[in-house]
Amino acid sequence: MAEDEPRPLRGSRMFARDPWFGLRGEERFDEFRRWWHREKAGGRDLMTREEAYDTYWEWRRTHPPKPGREA
């Protein structure tokens with residue numbers, strides 16, 4: 001496996017894994033999470049780190065902060 005490839009999920013129980021692949025520390029994560037569940041997911045989880053980050057940054061690009069909120 002190349003160093004830049006996402007690591008596959010292994011071991012542990014499903015509830016102990018990070019379903020957001022480290023996105024919780026990103027700016028405006030709560031808004032993204034709500035958008036993902038309401039608009040995009042249709043009950044589907046993010047399956048890879050690459051999908052998570054690609055989706056998050058595409059969302060950030062197309063959904064600027066609302067006036068009066070921090071960037």
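Computed from a predicted model, the values in this text were never measured in an experiment. Scope of the values below: all heavy atoms of this structure, side chains included, with no hydrogens, waters or symmetry mates.
With sequence neighbours excluded, the residues forming a ring-ring contact (aromatic ring centres under 6.0 Å, His included) with Phe32 are Trp35, Tyr56, Trp59, listed by chain and number. A search for side-chain contact (heavy atoms from CB on, under 4.5 Å) contacts involving Trp57 returns Glu26, Tyr53, Arg60, not counting sequence neighbours.
Residues Ala52 and Leu46 approach most closely at CB-CD1, 3.9 Å, considering heavy atoms.
Counting heavy atoms from C-beta outward, Arg33 and Leu23 have side chains that stay 4.5 Å or more apart.
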Determine whether Arg34 and Glu31 satisfy the following criterion, salt bridge (Lys or Arg N to Asp or Glu O under 4.0 Å), listing intermediate values before the conclusion. CA-CA 5 Å; Arg34 284 189 295 274; Glu31 289 178 61; 5.6 Å; no
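A donor-acceptor contact shorter than 3.5 Å links the side chain of Asp18 to the backbone of Trp20.
Between atom CZ of residue Arg49 and atom CG of residue Asp54 there is a gap of 12.5 Å, rounded to the nearest 0.5 Å.
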